[in-house]
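Some notes on the structure that comes next.
Sequence lines set the chain letters: A, B, ... in the order given, protein chains first and strands last, and positions in each chain run from 1.
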Amino acid sequence: MSDEKLTPRSQDFSAWYNEVVQRAELADYAPVRGCMVIRPYGYALWENLQRELDRRFKATGHKNAYFPLFIPLSFIQKEAEHIQGFSPELAVVTHGGGEQLAEPLVVRPTSETIIGHMFKQWIKSYRDLPLLINQWANVVRWELRPRLFLRTLEFLWQEGHTAHATEEEAEEEALRMLNVYVDVAQNEAAIPVIAGRKSESEKFAGALRSYTIEAMMGDRRALQAGTSHNLGQNFAKAFEIQYLDKNNQLQYCWTTSWGMSTRMIGAIIMTHGDDQGLILPPRLAPIQVIVVPIWRSGSEDEKAKVLEGVERIKRALGERVRLEIDAREEYSPGWRFNEWELRGVPLRIEIGPKDIQKNQVVLARRDTKEKLAISQDQLAERVPMLLDEIQKNLFERAKKFRDENTVELSDYAKFKEFMEGEGSRGFVRAYWCGARECEAKIKEETKATTRCIPFEQPKTQGRCIYCGKDAKEQAIFAKAY
RNA sequence: CGGAGAGUGGCGCAGUGGCAGCGCGCUUGGUUUGGGACCAAGAGGUCGCCGGUUCAAAUCCGGCCUCUCCGACCA
């Protein structure tokens with residue numbers, strides 16, 4: 001561990017991000033380019049996110065299963081758009097057991113194809129529907145420019161895959177799961193998101209429609225934090241997922257898929273972090289409260305009293321919050337304060353000789369840096385309340401930041417000016433006619449892409465920011481990760 | 001793949017031909033402890049790899065590899 005300060009976010013956001021990830025011990029670089037090791041602290045954060053997602057998946061009727069890592073190459077090729085979208089980033093196994101394989105195997109970039117293959121075996125009748133499956137898995141995409149958590153060659157995620165009798169049911173499912181992502185992002189990760197539809201060019205390879213939640217990071221760039229796809233009958237037709245309806249007619253299923261990944265950890269870091277380091281939302285923080293006891297050496301009596309105080313804190317809070325104690329004598333209090341701030345623990349409790357005398361403790365909030373003294377008798381009541389308040393404050397703060405950096409524009413010259421330069425100045429809401437050409441030109445000229453067409457639209461209509469033709473809807477434009 | 005930068009103890013770096021160093025971290029002992037403590041003694045290196053020049057190469061020359069950042073691609 002180094003004593004040096006982090007690179008300030010304003011100076012170099014990327015450098016800040018990489019330093020935070022490594023120094024907070026979330027992850028480390030692996031010996032293979034583009035791969036990372038998720039360390040225990042980072043993995044604990046992932047487990048908390050997993051738990052919240054999994055709980056909601058089960059509550060909406062989904063069951064977990066597991067499908068193989070290897071997919072026959074021919075499967076990927078069955079859906080035309082799918083192969084086009086994914087072929088540049090496939091990892092392909094050509095040899096096994098010392099022999100060249102008769103058919104190469106693809107390391108899954110996503111599992112629509114192999115799951116489609118299995119769904120065909122499992123679905124015969126309308127009585128088998130809907131089929132609601134989720135899997136927790138790793139996937140591999142051979143990305144050109146990796147970034148810790150945001151874009152690694154291998155990443156962890158969940159992928160939901162469902163099959164339905166009707167288009168309406170599939171659509172309803174895709175939107176239901178997007179709402180689960182909205183709920184988890186906003187209420188657990190404290191990240192405000194904009195939910196909407198992806199444009200044709202930004203949608204998932206092989207989908208009928210893609211839905212997304214988009215978040216603004218601390219450098220004002222956009223990050224796609226979760227997606228849900230209505231796959232129509234594209235995969236059902238490619239994999240012959242068919243059922244007999246009530247009238248004994250053979251019908252193709254309507255399928256969906258949806259995913260959220262370890263990228264969310266990157267989103268949490270970049271949404272809430274500051275120049276001191278990480279700030280974790282209490283609901284997901286592996287450690288919600290860190291207790292830092294303080295005493296003078298040479299006084300065993302004082303030390304014993306402080307440690308008794310620590311025991312009282314543990315008794316009051318141990319069952320209610322995720323609490324750890326840092327009683328390392330080899331580090332000064334100041335060092336320990338900085339360390340736990342770097343690692344983003346939402347609330348710190350300081351307890352020393354002065355507090356013992358007054359029967360109090362000092363609480364230090366990570367989000368506002370405020371310190372306040374409370375009576376030890378109030379711990380069980382006040383600490384959970386304070387954690388809730390921190391959770392709420394992080395969300396409100398991020399929302400305010402996003403809103404302050406979102407503008408509505410109707411003039412393309414102003415749009416270009418807004419997007420000028422290396423960094424990002426934020427989100428632009430603008431009317432867009434929906435034409436692929438306008439979208440492509442805007443991207444070429446400004447590097448901004450359509451992030452989504454938000455569900456929430458103004459009542460009025462307008463003119464396309466690029467071509468000036470009539471436009472029914474607004475889109476969010478931004479430079480994205 | 002295009003552009004930029006970097007490879008020297010765990011980390012950050014200095015070292016432009018002549019004994020491989022500094023700061024932090026690590027170990028041991030001691031003194032400390034309310035915002036990144038101090039003293040002392042230690043451990044730790046085939047200087048990214050291969051070849052060449054030279055009495056002598058971390059340093060000069062040639063080739064290769066890797067990583068990071070910026071772009072195209074993407075959860």
Side-chain angles (χ1 to χ4, degrees), chain A residues 1-7 12-15 17-19 22-23 28-35 84-90 109-110 138-159 181 198 201-205 210 212-215 222-229 257-267 276-277 292-299 302-303 306 327-342 348-357 361-362 364 369 371 373 422-423 443-444 447 449 479-481:
Chain A
M1 224 148 318
S2 153
D3 276 350
E4 282 168 44
K5 285 208 156 58
L6 293 166
T7 302
D12 184 343
F13 197 82
S14 291
Y17 177 81
N18 286 325
E19 288 169 22
Q22 288 181 83
R23 286 181 44 190
D28 215 339
Y29 287 106
V32 179
R33 182 197 79 93
C35 293
Q84 218 185 343
F86 280 106
S87 59
E89 51 190 46
L90 292 179
T110 178
N138 59 340
V139 287
V140 169
R141 298 179 188 179
W142 215 264
E143 301 289 353
L144 298 176
R145 201 153 76 72
R147 230 154 135 38
L148 291 169
F149 286 113
L150 301 178
R151 203 180 304 102
T152 45
L153 298 205
E154 178 189 6
F155 60 91
L156 305 182
W157 74 348
Q158 57 68 218
E159 46 181 325
Y181 292 152
K198 279 287 185 191
S201 65
E202 295 277 337
K203 76 174 190 194
F204 176 76
S210 286
T212 179
I213 54 172
E214 299 285 326
L223 185 79
Q224 178 175 311
T227 48
S228 181
H229 316 290
S257 68
W258 26 276
M260 186 175 262
S261 74
T262 39
R263 172 181 262 198
M264 269 301 276
I265 294 173
Q276 267 64 52
V292 178
I294 300 155
W295 58 79
R296 289 185 294 259
S297 71
S299 171
E302 185 175 283
K303 177 176 171 181
V306 170
R328 291 177 294 179
E329 292 187 66
E330 64 270 33
Y331 294 108
S332 68
W335 194 96
R336 284 177 282 166
F337 295 168
N338 279 291
E339 173 72 2
W340 293 110
E341 281 168 11
L342 171 65
R348 177 177 70 241
I349 300 181
E350 303 170 13
I351 178 162
K354 290 181 221 161
D355 305 304
I356 297 294
Q357 264 183 9
V361 296
V362 173
K369 302 282 168 56
K371 283 194 186 191
E422 271 306 302
K443 184 175 177 182
E444 194 184 310
K447 290 174 187 163
T449 52
K479 293 182 188 171
Y481 274 98

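- A/Gly352 comes within 4.0 angstrom of a base, heavy atoms only.
- Using a 4.0 Å heavy-atom distance criterion, A/Ser297 is classed as a base contact.
- Look at the P atom in both B/rG7 and B/rU53: the space between them is 27 Å, to the nearest Å.
- B/rC47 and B/rC1 have their P atoms separated by 29 Å, with the value rounded to a whole Å.
- In this structure, A/Ser87 reaches neither bases nor backbone, as no heavy-atom distance under 4.0 Å exists between it and the strands shown.
- The A/Tyr331 side chain lies nearest to B/rC26 when the options are B/rA75, B/rG34, B/rC26.
- Side chain to side chain, A/Ser210 and A/His229 meet the donor-acceptor criterion of an N or O pair below 3.5 Å.
- In this structure, the nucleotide among B/rA72, B/rA75, B/rG36 sitting nearest to the side chain of A/Lys447 is B/rA72.
- For A/Lys443 and B/rC73, the shortest distance from a side-chain N or O to OP1 or OP2 is below 4.0 Å.
- No N or O donor and acceptor, one from the side chain of A/Arg336 and one from the base of B/rG34, sit under 3.5 Å apart.
- Residue A/Val362 is classed as a base contact, given a heavy-atom separation below 4.0 Å to a base.
- Between A/Lys303 and A/Glu329, at least one side-chain nitrogen of the basic residue sits less than 4.0 Å from a carboxylate oxygen of the acidic one, meeting the salt-bridge criterion.
- Across all strands shown, nothing is found opposite B/rU54 as a Watson-Crick or G-U wobble partner with both distances under 3.5 Å.
- With hydrogens and angles left out, the side chain of A/Lys371 and the base of B/rG35 share a donor-acceptor pair within 3.5 Å.
- Residue A/Tyr481 is in base contact, counting any heavy-atom pair closer than 4.0 Å across all strands shown.
- When the nearest nucleotides of RNA chain B are assigned to A/Leu144 and A/Tyr29 by heavy-atom distance, the more 5′-ward of the two goes with A/Tyr29.
- Within 4.0 Å (heavy atoms only), A/Pro88 reaches no atom of the nucleic acid at all.
- One finds a salt bridge joining A/Lys371 and A/Glu350 here, because a Lys/Arg side-chain nitrogen approaches an Asp/Glu carboxylate oxygen to under 4.0 Å.
- Among the nucleotides B/rC69, B/rC26, B/rC74, the one closest to the side chain of A/Arg263 is B/rC74.
- To the nearest whole angstrom, the two P atoms, one in B/rG34 and one in B/rG42, are 31 Å apart.
- Among B/rA75, B/rG35, B/rA72, the nucleotide with an atom closest to any side-chain atom of A/Glu350 is B/rG35.
- Counting only heavy atoms from C-beta on, A/Trp335 has its side chain closest to B/rG36 among B/rG36, B/rC69, B/rA75.
- Comparing the same atom, P, in B/rG25 and in B/rG12 gives a spacing of 15 Å after rounding to whole Å.
- In this structure, the aromatic ring of A/Phe155 is positioned over the six-membered ring of the base of B/rA75, centres within 5.5 Å and planes within 30°.
- Here A/Phe86 lies out of heavy-atom contact (under 4.0 Å) with every strand.
- Residue-level contact check: A/Arg328 touches neither bases nor backbone, having no heavy atom under 4.0 Å from any strand.
- The aromatic rings of A/Phe155 and A/Trp157 stand perpendicular to each other, their planes meeting at an angle above 60°, with 30° marking the opposite boundary.
- A/Leu150 CG to A/Ser261 OG: the interatomic distance, rounded to the nearest 0.5 Å, is 9.0 Å.
- Closest approach to the A/Arg296 side chain among B/rA75, B/rU33, B/rG35 is made by B/rU33 (side chain taken as heavy atoms from C-beta onward).
- Separating the P atom of B/rC60 from that of B/rG23 is a span of 26 Å, rounded to the nearest Å.
- When Watson-Crick and G-U wobble pairs are counted only if both distances are under 3.5 Å, B/rA20 pairs with no nucleotide at all.
- Between the C1' atoms of B/rC24 and B/rG9, the separation comes to 12 Å (whole Å).
- Nearest to the side chain of A/Glu89, among B/rC73, B/rG35, B/rU33, sits B/rC73.
- Summary of the strand contacts: A/Leu223 and A/Asp355 both lie near RNA chain B, and taking for each the nucleotide with the nearest heavy atom, the more 5' one is attributed to A/Asp355.
- Using a cutoff of 4.0 Å between basic side-chain nitrogens and carboxylate oxygens, A/Lys198 and A/Glu214 are scored as salt-bridged.
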- request: For the pair A/Met260 and A/Glu159, evaluate side chain to side chain contact (heavy atoms under 4.5 Å, CB included) and give the outcome as yes or no after the intermediate values.
  value: CA-CA 7 Å; A/Met260 186 175 262; A/Glu159 46 181 325; over 6 Å; no

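- Comparing atom distances between the A/Arg147 side chain and each of B/rC69, B/rA75, B/rG35 picks out B/rC69 as nearest.
- Contact between the side-chain N/O atoms of A/Ser332 and the OP1/OP2 oxygens of B/rU32 is not found at any separation under 4.0 Å.
- A/Glu143 comes within contact range of at least one nucleobase, with a heavy-atom separation under 4.0 Å.
- Base contact: A/Leu150 has a heavy atom under 4.0 Å from a base atom.
- When Watson-Crick and G-U wobble pairs are counted only if both distances are under 3.5 Å, B/rA14 pairs with no nucleotide at all.
- Pair assignment for B/rC47: none, as no Watson-Crick or G-U wobble contacts are both less than 3.5 Å.
- Minimum atom distance to the side chain of A/Ser261 is reached by B/rA75, of the listed B/rG34, B/rA75, B/rC70.
- Base pairing of B/rU28 is made with B/rA40, judged by Watson-Crick or G-U wobble geometry with both donor-acceptor distances under 3.5 Å.
- Checked by distance alone, A/Arg141 brings no side-chain donor or acceptor within 3.5 Å of a matching partner on the base of B/rC74.
- Annotation: A/Phe86 is in aromatic contact with A/Phe204 [ring centroid separation under 6.0 Å].
- Only the C1' atoms considered, B/rG2 is 32 Å distant from B/rC11, to the nearest whole Å.
- Of the candidate nucleotides B/rA75, B/rG36, B/rU33, B/rU33 has the atom lying nearest to any side-chain atom of A/Trp295.
- Spacing between atom CZ of A/Arg145 and atom C1' of B/rC73 amounts to 11 Å, rounded to whole angstrom units.
- Looking at heavy-atom distances under 4.0 Å, A/Asp12 makes no contact with the nucleic acid at all.
- Taking the C1' atom of each, B/rA72 and B/rC50 are spaced 33 Å apart, rounded to whole Å.
- Across all strands shown, B/rG5 pairs with B/rC67; the Watson-Crick or G-U wobble distances both stay below 3.5 Å.
- Atom CD1 of residue A/Ile265 and atom CG of residue A/Leu148 lie 11.5 Å apart, to the nearest 0.5 angstrom.
- A/Lys479 comes within contact range of no nucleotide atom at all, as no heavy-atom separation falls under 4.0 Å.
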